[in-house]
Amino acid sequence: MASRVIPVDPFDLVIFGGTGDLARRKILPGLFRRFCQGQMTPESQIIGAARAEMDDAGFRQLVADAITEFGPKDANPKDIAAFLTRLGYVAIDAKGDGGWADLKSRMRDGYVRAFYFSVAPALFGDLAQRLHTNDIAQTDSRIVVEKPFGKDLQTARALNATLSEHFREDQIYRIDHYLGKETVQNLMAVRFGNMLFEPLWNAQYIDHIQITVAETVGVGGRGGYYDTSGAMRDMVQNHLMQLLCLIAMEPPAKFDPDAVRDEKLKVIRALDPVLPHHIVRGQYEAIGEQPDYRSAVENPRSRTESFIALKTHISNWRWAGTPFYLRTGKRMRSRTSEIAVVFKETPHSIFGPEAGSHRNALIIRLQPDEGITMDVTIKEPGPGGMRLVDVPLDMTFAEALGPDAQDVPDAYERLIMDVIRGNQTLFMRGDEVEAAWAWTDPIIQGWEARHDVPKTYESGSMGPDDALALMHRDGRKWRDVR
Ligand code: NAD
């Protein structure tokens, strides 16, 4: 099954923070892949803009090194050389006046204009303002902003207000790279492109839904930032919330940015507040040479969580009575992100109690090996009588797509192409982000008021034992992810 590549309109893309970690690891290697695939046409240009003094040649070398380190292993040197000719660099301080005239002189009329703010959010306002005062942004220019989008409702509102002084909502692309994953979009295709699932997609047939985003790494070099954030702000408020929305939303009338985002917003607004005893927070312990959480963030009294598990409900007709369990953490057993939609048991087992208990489950796996599997119950093969087993029906894309599977774009690549196409469906709208904070804030404020101290958990485990108990109390269990 060959994937089709439709070139996007030629563009001028400015990457503020073009020398930073995100640009080097994701954005620039991703653009290179789109260039090799013919989706980024050779007339397009990419301009790095950052504080470091550097010329075009210096930036091209930086990007060549980034492609070698983070790009495709089989990159053709001719392709790299051709891509580098599309790159330029301007030294700019977001808070100063130098460099802006140079940037303006490089922008071309008649091309899609996009500005990627791959810098600290504290600089978003300065960049937005200077793009205007220097007459670089046009009425159809787009800006792309990275997470974190605020640290609570108040700061998110302030950020939205600042950006909206200079850009309309339809020009602002708030990135949540989870939405750019192939499987996440496939989730929508499976739900809304098949007759099979939607009639069963409600509290009558679905027992519960669990969402797991587990990382094996610790806080690494981001300790200072992470300790002011924690798993709730860093992962739940954005990534897990977005996944929950796509799983739980009503079918939008069409696959159109505002129709989809209106439905997601309704889900967030229908989320119940989370009761304190439905939340488990954790901090990882040391393992081998690796320090424990508090040492890693150099804050021996830190009360920030590196793990969280919680149970919540969506108060609407579709989901009344179906719990949603979310968990995410660092230094966990495996690097796994998945959503499990666990169906109820059949109302009556004709095979008797010895057949055991069996449930269908639809597993949407984001990593590793993006794909979707459906656990179905069948007879165990052989002459041993009527014994039932659960087997996965595998819809792993690698098999369905064959050699083309490796051409499935990374989330960042897809999202940047969507920016150029002017399609906001997979980006968060301002009111969605604010609604997510409005749900998260009271939970965090509750911990702060109670001086809640996270439990410790073994590095390489799946979090504190209390997280298992959160499910066991309800007669359920977390899926065994490896
Ligand atoms: P970084 O510190 O590696 O890079 C920051 C970049 O901003 C550098 O290019 C630097 O020159 C530039 N910069 C700093 N101050 C500037 C100024 N005054 N004027 C102009 N440029 C300035 O940071 P990063 O890890 O690349 O992260 C960039 C943004 O992306 C942050 O908002 C971060 O939260 C977000 N983000 C990063 C990642 C990641 O994996 N690195 C993931 C998600 C979100």
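Both ligands and their constituent atoms are indexed starting at 1 by order of listing.
- Within the cation-pi definition used here (under 6.0 Å to the ring centroid, within 45° of the axis), Lys181 qualifies as a partner of Tyr178.
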Just list the side-chain donor-acceptor pairs under 3.5 Å for residues 24-31, sequence neighbours left out, or say none.
unit_1 : atom_1 : unit_2 : atom_2 : d
Arg24  : NE     : Thr19  : O      : 3.4
Arg25  : NE     : Asp21  : OD1    : 3.3
Arg25  : NE     : Asp21  : OD2    : 3.2
Arg25  : NH2    : Asp21  : OD2    : 3.2

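- Among protein heavy atoms, the minimum distance from atom 38 (C) of ligand 1 is reached at Leu22 CD1, 3.7 Å.
- Residue-ligand proximity, Ala94 to ligand 1, at heavy-atom distances under 4.0 Å covers atoms 17 (C), 18 (N), 19 (N), 20 (C).
- Here Arg51 has heavy atoms under 4.0 Å from ligand 1 in both its backbone and its side chain.
- In terms of protein heavy atoms, atom 6 (C) of ligand 1 is closest to Gly17 CA, 3.5 Å.
- Less than 4.0 angstrom separates some heavy atom of Gly20 from each of these atoms of ligand 1: 3 (O), 4 (O), 8 (C), 9 (O), 26 (O).
- Residues Phe16 and Tyr116 keep their aromatic ring centres 6.0 Å or farther apart.
- The existence of a salt bridge linking Lys147 and Asp176 is excluded, since no basic side-chain nitrogen approaches an acidic carboxylate oxygen closer than 4.0 Å.
- Ligand 1 places these atoms under 4.0 Å from at least one heavy atom of Leu123: 15 (N), 16 (C), 17 (C), 18 (N).
- Every atom of ligand 1 with a heavy atom of Pro148 under 4.0 Å away is listed here by number and element: 34 (O).
- In terms of modelled atom types and a separation under 3.5 Å, the side chain of Arg294 and the main chain of Ser302 share a donor-acceptor contact.
- Of the protein's heavy atoms, Ser118 O, 3.2 Å lies nearest to atom 28 (C) of ligand 1.
- Every residue meeting the salt bridge (charged side-chain N to carboxylate O under 4.0 Å, His left out) condition with Asp126, not counting sequence neighbours, appears here in chain and number order: Lys95, Arg130.
- In this structure, atom 35 (C) of ligand 1 lies nearest to the protein heavy atom Lys147 O, 3.3 Å.
- The pair Glu182-Arg414 meets the salt-bridge criterion, with a side-chain N (NZ, NE, NH1 or NH2) lying under 4.0 Å from an Asp/Glu carboxylate O.
- Between His177 and ligand 1 there is no heavy-atom distance shorter than 4.0 Å.
- Protein heavy atoms are absent from the 4.0 Å sphere centred on atom 2 (O) of ligand 1.
- Here's the thing with Tyr412: none of its N/O atoms is less than 3.5 angstrom from an N/O atom of ligand 1.
- Side chains of Val260 and Asp258 form no contact here, defined as non-hydrogen atoms less than 4.5 Å apart.
- Residue contact check: Pro121 has heavy atoms under 4.0 Å from atoms 32 (O) of ligand 1.
- Residues His208 and Tyr325 bring their aromatic ring centres within 6.0 Å.
- Proximity of the aromatic rings of Phe11 and Tyr111 is defined here by a centroid distance below 6.0 angstrom, and this criterion is not met.
- Of all the atoms in ligand 1, the ones that sit under 4.0 Å from a non-hydrogen atom of Arg25 are 39 (C), 40 (O), 41 (N).
- For the pair Arg174 and Phe427, the cation does not sit on the ring face, since its NZ or CZ is not both under 6.0 Å from the ring centre and inside 45° of the axis.
- The atoms of ligand 1 that sit less than 4.0 Å from any heavy atom of Asp93 are 17 (C), 18 (N), 19 (N).
- Between the choices Val119, Asp126, Asp234, the shortest heavy-atom distance to atom 13 (N) of ligand 1 belongs to Val119.
- Among Ile27, Asp176, Thr19, Ile92, the residue whose heavy atom sits closest to atom 20 (C) of ligand 1 is Ile92.
- For atom 44 (C) of ligand 1, the closest heavy atom belonging to the protein is Glu146 OE1, 3.1 Å.
- For atom 41 (N) of ligand 1, the closest heavy atom belonging to the protein is Asp21 OD2, 2.8 Å.
- Remark: Arg303 is not positioned above the aromatic ring of Trp447, lacking an NZ or CZ atom under 6.0 angstrom from the ring centre and at most 45 degrees off the axis.
- Every atom of ligand 1 with a heavy atom of Ala50 under 4.0 Å away is listed here by number and element: 9 (O), 11 (O), 21 (N).
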